[in-house]
Every structure is written in C-alpha cells, then in structure tokens.
Asker: 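Provided herewith is a single structure, encoded as structure tokens, for subsequent inquiry.
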Amino acid sequence: MKKNILFLLSIFTITTSIAQNPYRSPLGIPLILSANFGELRPNHFHSGVDLKTERVVNKPVYAMADGYISRISISPSGYGLALYIDYPATGQTSVYGHLNKYAPKIAEYAKGKQYENENFRLDVTLNAHEIPVKRGELVAYSGNTGSSGGPHVHFEIRNSADQVAIDPLEYYKDVINDTQAPLIKGIAIYPLNEKGAVDFSRDTYRKRITVLKDGSYSALKDTVQVWGQIGIGVNTNDKMNGTTNIYGVRRVRLFCDDKEIFSSDLSNVDFSKTRMINSMTDFDYWYRNRIFYEKSFIEPGNKLSIYKSVNNGYIDIKEERIYNLRYELEDIYGNQTDYSFCVKGREQTIPQKRRCTQMMKWNQDNEYSSDLFSLNIPKEYLYDDICFMLNSYPSAKYLSDLFEVNDTYIPLHDYCNMTIKLNKDSLSNKSQYGIVRINGNKENWIGGTYNDSHITGRIRELGGTYTISTDTKAPVITPVQPERWTRQAEIKIKLSDDKSGISSFKGTIDGSFALFENDVKSPVYSYKFDPERLKKGQVHKLVFTATDACGNTSSYEYEFKY
C-alpha cells in the first residue's frame, strides 16, 4: 500500500512539473547528457547541454513550443549546422547545434540564401513571419557537424532580449535522474604576488586528492605553512547516473573557520564575459597540463556575475595557528560533497617581486616597444597586474629574431597587437609574410599585416615563442575519384595547405555558383548534384578555386557529362 502511494505521489509530482513546464523535449528519445551547462572549456563556459543521440545521426529534433525560426547558422566549425527558435510567449530562444540537416522548408530557405550569397557559410536572422513553427514540429535532424567530437545535439536556452544562456536542466530535471555528488580531485594554494608566501616560496602549492576504498577522500597529510595573503583553488568535476561522462560542478563554496568567504554559481552564461573563464581558472596550469583548477578568489579584472565573496575570496594569514578550510561542492540536483583541510599560519619572509622586463597594470593601457618588437595591451585586457618578461634570440632559420613573449601563460580578454621586425625583407608580395608561433618543430600560423618591414599580428594570450616566416605556396587541389562523380551524383575535392590555411574556396559549374560543403573534421569539399540547377544530358565545366590566408590561389578545371 505504501509503495503504491509513493508511486502515485511521484507520478503526480512529475505530471505537475510537466504541466508547469512551457516546453516539450527537444528530442523524441530519453534525454541523456554527455556534457552539462557551465562546464569548463578552453576559453569559454559551455553555454548549453550536449544531448546524446544513441551514437548515431539523424535523430529528429523538435520545436519546444510555438515560435519561429529566428536565425540559421552554417559553418564548417563551431556549431556546424545550427538553428535558433524564438518563443515569444516565454521571451526565450532555443539553440540546436551540430545538426546533420534541417527540415525541408528550413533547408530550402537556407540553401536559397547560400546561393544568393554565393557562400557555404551562412548566418542569417529571420523575422517572425518567415518560418513559424508549432510545438512539437520537426525542425531538424541531429548530427556531428562543426567542432563536434561525436554524434550529439548541443542544446541551449537563452533569454531572447540579451542572449544570456541559462541552464536548460532547470526545465528538464524531472526527466533526468542524478543522485551522484561532485568529486574533488585536487587542492591548490596560491600566494598573492608580493603579499603572501606558501612554504617560504612564491610558488603555487598543489595536492591531488584521491578517493579511498571506503569512499572517503585522502587528507592533506603535510601541513602547508602559509603567511600573508593567499587564495585557494580546487580541481573538481561531477558524475551523473547511467553514464561514464564527466561534468562541471554547478556551485562551489569555500569556508574558512566555518565562515563562508567565497561562492560561485554557474546558473547562466553571458557570452560577452565567457572568456573570463580564463581568470576564474588557473590558465597557466591548464595550458601546460590541460587540467582545470578553479580559483576561489576573484582577480580585479574578472567581472563575472557568478560570485559572492568576502575580501574577493582572499585569506589574510596573520596569526601563527591552524586555519580550518572547507569546500562544499554541489550540483543542480542538490547532491553535495564536503572536503575539509587546514593550513598552518607561520610567519615567514614574503618573496619580493621577480625581475621583470616591464610591470603591466590590468586597469590601464600597456605598451612595450622597441625597434625589433612591440606589444600593445589595452586597458582591462589583463585580469590582474603582471610581471611581463621578454626574451629574444637570433635565428638563422627565420626572417626575424625569436621572441619568447613572457615566461608563463597569461590570458588576454581579447586580441592584442604584436609587432615584429623583419631582419630580411626580400619578398615582393608582402602578404606572404606572417608571424608564426613555434611549438617544438611545428609552426602555428598567426599571420599579420606588413608595414615598413614590420609584421603586426594578433594574439589572445601571452606565453610562447614567436617569429616571422613566409607562405609562398598555393593550396593543393586534389579531385577525389572524378570518374565516379556522375554515377554518384556528387563531386568531391580534397584541399590541403602547408602553412597559413584555407581562407576561402569557391566552385562554379558552367560559370554559375555551385554549393560545395565542408566540415572542419575533413579536408574534403563536396557538391551534391542539384537537379534544379544542373541540367541533364550535356557536358558541364567545373572550376574550383581555393585561396589561403596569404592570398596564394589555386584553380582546378574539369569537364564531365551528366
């Protein structure tokens, strides 16, 4: 009897929740996440959830309520084929990314715009009357396009007015079960520059935390000795029922002597501030190790609205005693993990500032300039003051000296100008020069513009070694089995470029634009025969051109009968 009552109560709760939910599910299959909202990613927070599609493409995707298609975006990278639907009744927008194809009327509209613009890439906004949709209407099919590592649907809910993304699980918690608490993986202690010390050093202390056989966590066996002003960081992730995926943690709270001094809550993502994740996390450590440590203190240039804190989360160690610290980690379902540890206050000499090429302030314009190298960092592009280091070395291989631009990796909030002088200026085509970043034996092309034997390029972080190289080779165009094109009603072209990368491409048939498609995961560009635009029973001439970032261009011609 008791079990029946509990069952009826659970059914009532779910039914009531669904009745209050203005949206239906975006998919027709059970919702299982491969990534959650706010998850830490390189240079951005994950602005939605990734929905599994049973490891296949072409699962139907539906409108969540009555609304209209407000934006269609097609790109070889990023979200790939993406669709945006506005819902006037709620003032919100849903976003579906990495789609394989659109529903027929949407696909026809998008294709028409691509031919109108003579470009595969598309980003078009629509009025409310152009493509209205009804709740539950098929709008697309799931895929794996763009910067996707496997079949899934990237799904977002945004406020239409400001495009701030909110956690979609607020609407779908009742249909996704999760009873697993977050996991703690490591603790970090940061001495504030010139104001703190950890074990008589300015270096960061880190300790991995492991799960013991009884399910508890390993303790910090060594007592860390600290003095002055310090900050704490944590490496953490979350799990969910029925899947082996790893997720981000919604809420982080830090206590010192049972007083809450810091909390963060990733309930929304503002795209204008999402790059500030690089201030929230230990950027240098992530860059070197691909492991995220979240800082439980707020740097002065970090304007994220997810925080509550005392003294910006910094802890002033002024007494020789034990300071008791505790983390509370919580997911959206309320599953919580607590972890307690301590540090020992011990008076010690605070390390003085390092030798610097130049001190740079986060809240003012910064410029380093010499005849051979210059760097301009606008106000508030740094998140904190830095001790900038520049080292240079002569090079016989490249066209300029080698410049080591800082000895640690430091994020910049947006692109900044860096200028390097050529030691050898012999090319007549100046657009073939470009700045490169040296990683071992590899060159990563940065590019840039030429002015009076100087090349100016744009960078978004400090750290790494830069110099000037050239790209004088045009892209290589390789037809893929042209003898099969007519039989398969599809043309396939393979493109490659040795350095600066493909900047643009275009195909024409009999002088008219032909829509070639491409995905960033493949070097193949394909055109499917379009019976409305390609007449049968005659010989056609294909012309395909490709241009790299330095303006080097190749062209390929081929005649075929269809």
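Start at 1 with the first residue, then count along the sequence.
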Asker: Report the residues that fulfil side chain to side chain donor-acceptor pair (under 3.5 Å) with Y172, sequence neighbours left out, ordered by chain and then residue number.
Answerer: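 Side chain to side chain donor-acceptor pair (under 3.5 Å) check on Y172 returns nothing, list empty.
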Asker: Does a side chain donor of either Y393 or T465 reach within less than 3.5 Å of an acceptor in the other side chain?
Answerer: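 Checked: Y393/T465 side chains show no N/O donor-acceptor pair below 3.5 Å.
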Asker: Holding to salt bridge (Lys or Arg N to Asp or Glu O under 4.0 Å), I want the full list of residues that pass it with D282, two or more places apart in sequence or in another chain.
Answerer: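 Salt bridge (Lys or Arg N to Asp or Glu O under 4.0 Å) check on D282 returns R206.
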Asker: Which class fits the ring pair H413 and Y383: parallel under 30°, tilted 30 to 60°, perpendicular over 60°?
Answerer: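 Plane angle over 60°, so perpendicular.
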Asker: Could you check whether Y339 and Y327 have their ring centres less than 6.0 Å apart?
Answerer: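 No - the distance between ring centres of Y327 and Y339 does not fall below the 6.0 Å cut-off.
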Asker: Does R202 count as lying over the ring of F200, i.e. NZ or CZ under 6.0 Å from the six-ring centre, within 45 degrees of the axis?
Answerer: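 So R202 doesn't make the cation-pi contact.
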Asker: Would K239 count as a cation-pi partner of Y247, with NZ or CZ less than 6.0 Å from the six-membered ring centre and within 45° of the ring normal?
Answerer: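 Checked: cation-pi criterion not met.
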Asker: For the pair K344 and E320, find out whether any cationic side-chain nitrogen is under 4.0 Å from an anionic carboxylate oxygen.
Answerer: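 Not counted as a salt bridge, because no side-chain N and carboxylate O are separated by less than 4.0 Å.
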Asker: Over 60° means perpendicular and under 30° means parallel, so classify the ring planes of Y287 and Y409, tilted if in between.
Answerer: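 Y409 vs Y287 ring planes: parallel.
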Asker: Would you call D258 and R326 a salt bridge, taking side-chain N to carboxylate O under 4.0 Å as the test?
Answerer: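 Counted as a salt bridge, because a side-chain N and a carboxylate O are separated by less than 4.0 Å.
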Asker: Just do the salt bridge (Lys or Arg N to Asp or Glu O under 4.0 Å) check on R251 and E328 with the steps written out, would you?
Answerer: CA-CA 8 Å; R251 300 180 185 92; E328 289 183 359; over 6 Å; no
Asker: Indicate the atoms forming the closest heavy-atom contact of I230 with P191, along with that distance.
Answerer: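 Nearest heavy atoms, I230 then P191: CG2-CA, 4.3 Å.
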Asker: Salt bridge or not between K361 and D385? Use side-chain N to carboxylate O under 4.0 Å.
Answerer: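 Counted as a salt bridge, because a side-chain N and a carboxylate O are separated by less than 4.0 Å.
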Asker: Quiz question: by atom type and distance under 3.5 Å, do the side chains of T467 and D401 form a donor-acceptor pair?
Answerer: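 The criterion, which ignores hydrogens and geometry beyond distance, is not satisfied for D401 and T467.
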Asker: Determine which pairs satisfy side-chain hydrogen bond (donor to acceptor under 3.5 Å, both in side chains) with at least one residue from residues 149-167, sequence neighbours left out, and list them in order.
Answerer: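 Residue pairs passing side-chain hydrogen bond (donor to acceptor under 3.5 Å, both in side chains), neighbours aside: H46-H154, S47-E156, D50-H154, Y79-H154, Y79-E156, T93-S160, S148-H152, H154-E156, E156-R158, R158-Q163, D167-R250.
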Asker: The criterion is ring pair (Phe, Tyr, Trp, His ring centres under 6.0 Å); which residues satisfy it with W286, sequence neighbours excluded?
Answerer: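 By the ring pair (Phe, Tyr, Trp, His ring centres under 6.0 Å) rule, W286 matches F283, F292.
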Asker: Assess whether a salt bridge exists between R460 and D414, defined as any Lys/Arg side-chain N lying under 4.0 Å from an Asp/Glu carboxylate O.
Answerer: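 Salt bridge flag = no for D414 with R460.
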Asker: Could you list the residues that satisfy salt bridge (Lys or Arg N to Asp or Glu O under 4.0 Å) with K52, not counting sequence neighbours?
Answerer: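 Testing K52 for salt bridge (Lys or Arg N to Asp or Glu O under 4.0 Å), a comparison that skips the adjacent residues, returns none.
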Asker: List the residues meeting salt bridge (Lys or Arg N to Asp or Glu O under 4.0 Å) with D284, not counting sequence neighbours, and say none if there are none.
Answerer: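 Here the qualifying residues are R288.
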Asker: Minimum heavy-atom separation for T357 to M389, with atom names?
Answerer: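 Scanning both residues, the minimum pair turns out to be OG1-CA, 3.5 Å.
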Asker: Is it the case that the side chains of T456 and T419 hold a donor-acceptor pair, with the cut-off being a distance below 3.5 Å and no angle test?
Answerer: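 There is such a pair (donor and acceptor under 3.5 Å, judged by atom type) between the side chains of T419 and T456.
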Asker: Disulfide bond (SG atoms under 2.5 Å apart) with C342: which residues, sequence neighbours excluded?
Answerer: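 Listed in chain order: nothing, the list is empty.
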Asker: Look at atom CZ of R55 and say whether more than 12 heavy atoms of other residues, nucleotides or ligands are closer to it than 6.0 Å.
Answerer: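 No - once you tally the heavy atoms of other residues, nucleotides and ligands closer than 6.0 Å, there are 12 at most.
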Asker: Cation-pi between R24 and Y62: NZ/CZ under 6.0 Å from ring centre and within 45° of the ring axis?
Answerer: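 So R24 does make the cation-pi contact.
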Asker: Considering residues at least two apart in sequence or located in another chain, which fulfil the salt bridge (Lys or Arg N to Asp or Glu O under 4.0 Å) criterion with K521?
Answerer: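 Expected list: D519.
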Asker: More than 12 foreign heavy atoms under 6.0 Å from NZ of K273: is that the case here?
Answerer: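 Yes, the 6.0 Å shell around NZ holds more than 12 heavy atoms from other groups.
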Asker: With sequence neighbours excluded, what pairs up with T408 under the side chain to side chain donor-acceptor pair (under 3.5 Å) test?
Answerer: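 T408 satisfies side chain to side chain donor-acceptor pair (under 3.5 Å) with N406 only.
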Asker: Looking at residues at least two apart in the chain, or sitting in another chain, which of them share a ring pair (Phe, Tyr, Trp, His ring centres under 6.0 Å) with F37?
Answerer: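 Expected list: none.
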Asker: What do you reckon, are the aromatic ring centroids of Y285 and Y293 less than 6.0 Å apart?
Answerer: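 For Y285 and Y293, the ring centres are under 6.0 Å apart.
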Asker: Could you walk me through whether Q92 and Y23 satisfy the side chain to side chain donor-acceptor pair (under 3.5 Å) test, starting with their C-alpha distance in whole Å, then the side-chain angles of each, then the deciding distance to 0.1 Å, before giving a yes or no?
Answerer: CA-CA 11 Å; Q92 292 180 326; Y23 301 129; 2.6 Å; yes
Asker: Applying side chain to side chain donor-acceptor pair (under 3.5 Å), name anything that partners E299, two or more places apart in sequence or on another chain.
Answerer: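 Result, side chain to side chain donor-acceptor pair (under 3.5 Å) vs E299: S279, K295.
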Asker: Between E461 and R437, is there a salt bridge with N-O shorter than 4.0 Å?
Answerer: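 Answer for the salt bridge query: yes.
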Asker: I'd like to check the disulfide bond (SG atoms under 2.5 Å apart) partners of C256; sequence neighbours left out, ordered by chain and number.
Answerer: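 Testing C256 for disulfide bond (SG atoms under 2.5 Å apart), a comparison that skips the adjacent residues, returns none.
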Asker: Kindly say whether the aromatic ring centers of Y307 and F262 come within a distance under 6.0 Å.
Answerer: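 They qualify: ring centres under 6.0 Å apart.
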Asker: Whether the Q229 and Y190 side chains hold a donor-acceptor pair (N or O, under 3.5 Å, no angle test) is what I'd like checked.
Answerer: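 Short answer, no.
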Asker: Given C387, which partner from the list M359, R355, Q358 fulfils the side chain to side chain contact (heavy atoms under 4.5 Å, CB included) test?
Answerer: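 The single option meeting the side chain to side chain contact (heavy atoms under 4.5 Å, CB included) with C387 is M359.
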Asker: Using every non-hydrogen atom in the two residues, find where G457 and I435 come nearest and quote the distance to one decimal.
Answerer: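 Heavy-atom minimum between the residues: N-CD1, 3.5 Å.
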Asker: Does the side chain of D270 come under 3.5 Å of the side chain of S272 through a donor N or O and an acceptor N or O?
Answerer: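 On atom types as modelled, these side chains qualify, holding a pair under 3.5 Å.
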Asker: Crowded around D214 CG? As in, over 12 foreign heavy atoms under 6.0 Å?
Answerer: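 More than 12 heavy atoms, drawn from other residues, nucleotides or ligands, come within 6.0 Å of this atom.
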Asker: Is the shortest distance from a Lys or Arg side-chain nitrogen in R321 or D257 to a carboxylate oxygen in the other one below 4.0 Å?
Answerer: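 Salt bridge flag = yes for D257 with R321.
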